[in-house]
2 protein chains.
Amino acid sequence: MEAGKITPRAQDYAQWYQDVIKEGDLAQPAEVVKGCMVIKPHGYAIWEKIQKDLDRRFKATGHKNAYFPLLVPMSFIKKEAEHVEGFAPELAVVTHAGGKELDEPYVIRPTSETIIGHFFAQWIQSYRDLPLLINQWANVMRWELRTRMFLRTGEFLWQEGHTAHATHEECIEEVMRMLDVYGDFAETVMAMPVVKGRKTDWERFAGALSTFTIEAMMQDGKALQAGTSHDLGQNFGKAFGVKFQSKEGKEEFVWQTSWGVSTRLIGGLIMTHSDDNGLVLPPKLAPIHVVIVPIFKNDDERTKTLAAAEKIAAELRALRYSDEPLDVEIDRRDGMSPGQKYYHWERRGVPYRMEIGPKDLEKSSVALKRRDGGPKTFVPMADVAKQIPGLLEAYQNELLAKAKAFRDANSVKADSWDDLVKALDQNKFVYARWAGDAALAAKLKEIQATVRCMPLDAQADPGPCILTGKAAEKRVLIAKNY
Amino acid sequence: MEAGKITPRAQDYAQWYQDVIKEGDLAQPAEVVKGCMVIKPHGYAIWEKIQKDLDRRFKATGHKNAYFPLLVPMSFIKKEAEHVEGFAPELAVVTHAGGKELDEPYVIRPTSETIIGHFFAQWIQSYRDLPLLINQWANVMRWELRTRMFLRTGEFLWQEGHTAHATHEECIEEVMRMLDVYGDFAETVMAMPVVKGRKTDWERFAGALSTFTIEAMMQDGKALQAGTSHDLGQNFGKAFGVKFQSKEGKEEFVWQTSWGVSTRLIGGLIMTHSDDNGLVLPPKLAPIHVVIVPIFKNDDERTKTLAAAEKIAAELRALRYSDEPLDVEIDRRDGMSPGQKYYHWERRGVPYRMEIGPKDLEKSSVALKRRDGGPKTFVPMADVAKQIPGLLEAYQNELLAKAKAFRDANSVKADSWDDLVKALDQNKFVYARWAGDAALAAKLKEIQATVRCMPLDAQADPGPCILTGKAAEKRVLIAKNY
């Protein structure tokens, strides 16, 4: 029934990742649509949980959702010089519609700065219209050569925040506010620790003054850029004529930000927590918190264990965890052994499994087993429901602590190029001094590594640049990456 | 500040509709993207309310959300003969991507039966995999010549349910179940009464055996098809090879349904309730239930009225209406008169306005005014919060009763062609006998009318067909339409 195998991480990490997705029933390659994927119900349910939590955070920080067209006139993409250079190679182009060739082709949005800039110019006249704080949940398309489910796909789902401000100071405040929202979400909801930092000039968003990022360590030691927040300065304001009259009566261009996270977060989630038995989900993003498996050998036992399961499920569903009702599933399927059912739910990452058999009924207890291992525990039936929220919270916290410990154990400093190369070969996050010379990019490329970011919390640690030997003040984060 | 005028309905209904959308800040034509629109925050907030309620209903009836690719191989559209005939003229085509011409063009999904059929064929092997109950929230694109915001746009947002069943009976049950979900949603949430019925053969979905619809009467007497539920039979199953092994071990094609509602519902909402002062929203779909306008002439009054507003807002926000927290806005803006603020919120359809001025503070009461008119009432401050949920419920019910009364007053029977034409000229819903001859379609087209549906609740009422004089058993609904 569940025939698929999961390749161990130590054997083939990339295959393990594909297997976890397949066996967890999260997604599949679309194949007939190049580089795209189908997000299956269990994968989409995780995305819905991500959306719900983030959406609440965006609204709490004053943003409103809106929806802009999927299609962008080709000419719009060309209005901001760096932007077109960055995105032109990845565009999907609509040339025909309604049975005719179009006068001007449209591109499917790879991101929406340009089309939103066009409308911001209509919506903003005065400083009273600022700040304008908009978010959009949408699909976007970037025609990538090498794709990997969730991490890099031709089409992906995301949110893109777009804001306009009267001053550069307010703009930067917004950039940092949303970076903090992402960082807090990653750590407290995804249980995925991140390094917050600024991107180098050659890794910033095409058209931005500067890009800030959250970088997470995957279990293979590679970095995942999990979210970005851009200071667009006045670049798009000038390209699209987004002007306002200031308090002093002067006409000025607005200062803009954009920021986004995508279904890529699910890839990060998988590679932060999952193991050789498949998907592991932090409780705050688990579509099902507890699965109850009734164990029976005959109709009488079936009736009695199911009745007990129903009773506990009802108690659980009346409780809440992390501001949401508990999601509980009872596995009533016939023709499957308990073992097959355990296996089924384990692969889907359900945090807690509860077993109720005839012997448990006699003892008025249930068996509880946490997804990430450890002994089976027996809990009195009368107590179990009210224990669950606390157990989930402990599990959530342990997953974060474990991921943090893993990252910290695999983060090192390097003060020579040789040490840097050695550490990267060992799949570490490497902190090294750098004095700002752009030649670092090309030299790191030779060893398949990049500067992930200049961490915001970097302490002064003066010394020679690892590349040039010039005086450098701080260390940057260097790693291999997705 | 609010310079826009709303054209009275009696003067120019189509212009009134555009004006209500503009003044209600719901949407605007995209213009640079032919036939498309931008859904502005207030309009999108209504869509979010619609989504939330419908999504809960879909999940309660066993459906799970998933996400399929935006792009569909052109060859897929051609696999079902009627389907391609119906949709080919409206397709937007991607011919180039990643800097190259594609070997096979993709179309932007006009609907997803084909691509989902392809994956259902992979997901379904046995009767144990059935029923498969999937829903998708997505954007779709149909290149239309004549567009109108929310009612008919090149791109629109919708949900599309896609299900597969072992028998035609179960398939039909699903079709009717989802039609009922739509009907109940329209009446109890949108306060928009609908006629449920079956479409004629020439108005069914391209590729379906039969299509069921909910039809609502707009204030100009025209019908709006607000949602459809299709019995696809085995047509797509055969086109895409969606087969299963039955309990008896035989290989059979599945029976499929699809059903959808879209942002068109917002058009229906507007044309059911709004008036010459702008948008009217039923409380269950209002993004803001109550706006509080503090009235002050100096700083001291400002401080005191705002404090009172804060206190009541906090009480209101702790309450719930229709299973959701109450949404309350305090209009703190300076530099606007109370009258300008009233006008602002009236145009946005906020159900209740609460005024708190210095005199109200003295009397420990507030003034309440309902969006659809009637006298201002004065309610003790201590009572007002707990009265609001009941007042909203009464308003919701009155809007439905009013819309029903309007529709019933404008629904007539016609037993001759002349009477039919006269009634249609008077913008009525006309119930007439019809014996099934397809020539009716062309003859109605001459007078810009259509058979909207064969109502499910039509009583036996034998007599001569209005077209042919042949014996007919029941009456069908004929109207002009959007």
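Letters A, B, ... are given to chains in the order of the sequence lines, protein chains preceding strands, and every chain is numbered from 1.
For the set A:A45, A:A30, A:C36, the count of heavy-atom pairs under 4.5 angstrom toward chain B peaks at A:A30. For chain B, the option among A:Y44, A:F76, A:W47 with the highest count of heavy-atom pairs below 4.5 Å is A:Y44. For the set B:G98, B:A92, B:A138, the entry with the most heavy-atom pairs within less than 4.5 Å of chain A is B:G98. Of all the listed residues (A:A88, A:P89, A:S75), the one sharing the greatest number of non-hydrogen pairs under 4.5 Å with chain B is A:P89. Of the listed residues (B:Q28, B:E90, B:M141), the greatest number of heavy-atom pairs within a distance under 4.5 Å of chain A belongs to B:Q28.
Partner of A:P69 under the side-chain contact (heavy atoms from CB on, under 4.5 Å) criterion, out of B:T153, B:I39, B:V38, B:N139: B:V38 alone.
For B:Q136, no part lies under 4.5 angstrom from a heavy atom of chain A. Heavy atoms of B:H118 lying under 4.5 Å from chain A belong exclusively to its side chain. Using a 4.5 Å cut-off between heavy atoms, B:L71 contacts chain A through both its backbone and its side chain. Heavy atoms closer than 4.5 Å to chain B are found nowhere in A:D25, neither backbone nor side chain. When heavy atoms are compared at a cutoff of 4.5 Å, B:L145 does not approach chain A at all. B:E104 does not touch chain A: none of its heavy atoms, backbone or side chain, sits under 4.5 Å away. Neither the backbone nor the side chain of A:E144 comes within contact range of chain B; no heavy atoms are under 4.5 Å apart. Residue B:D334 does not touch chain A at all, counting heavy-atom pairs closer than 4.5 Å. With a threshold of 4.5 angstrom between heavy atoms, B:M37 approaches chain A through N, CA, C or O but not through any side-chain atom. Interface remark: A:L70 contributes backbone and side-chain atoms alike to the contact with chain B (heavy atom separation under 4.5 Å).
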Practice prompt. Kindly indicate, with the supporting measurements, whether the criterion side chain to side chain contact (heavy atoms under 4.5 Å, CB included) is fulfilled by A:K64 and B:H42.
Written response: CA-CA 9 Å; A:K64 296 196 170 180; B:H42 194 49; over 6 Å; no
Item to complete: Could you go through the salt bridge (charged side-chain N to carboxylate O under 4.0 Å, His left out) check for B:K59 and A:E48 one step at a time?
Response: CA-CA 13 Å; B:K59 284 174 177 155; A:E48 287 180 309; 3.2 Å; yes
Worksheet item: Hey, mind stepping through A:V94 and B:I108 against side chain to side chain contact (heavy atoms under 4.5 Å, CB included) and telling me if it holds?
Response: CA-CA 9 Å; A:V94 176; B:I108 296 178; 3.8 Å; yes
Worksheet item: Stepwise, does the side chain to side chain contact (heavy atoms under 4.5 Å, CB included) test hold for B:I115 with A:V33?
Response: CA-CA 10 Å; B:I115 188 97; A:V33 187; 3.9 Å; yes
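Although no hydrogens or angles enter the test, the distance criterion places a donor-acceptor pair under 3.5 Å between the side chain of B:Y106 and the main chain of A:K34.
The distance from the CD atom of B:E31 to the CD atom of A:Q122 is 6.5 Å, given to the nearest 0.5 Å.
When all heavy atoms of A:P29 and B:F119 are compared, the pair lying nearest together is O-CE2, 4.3 Å. Closest heavy-atom contact between B:P73 and A:V32: CG-O, 3.4 Å.
Cation-pi geometry between B:K40 and A:W123 is met: under 6.0 angstrom from the ring centre, within 45 degrees of the axis.
By the neighbour-count criterion of 12 heavy atoms within 6.0 Å, atom CD of B:E85 is sparsely surrounded, having that number or fewer from other residues, nucleotides or ligands.
For the pair B:Y67/A:E155, a side-chain contact is recorded, criterion being any heavy-atom separation below 4.5 Å from C-beta on.
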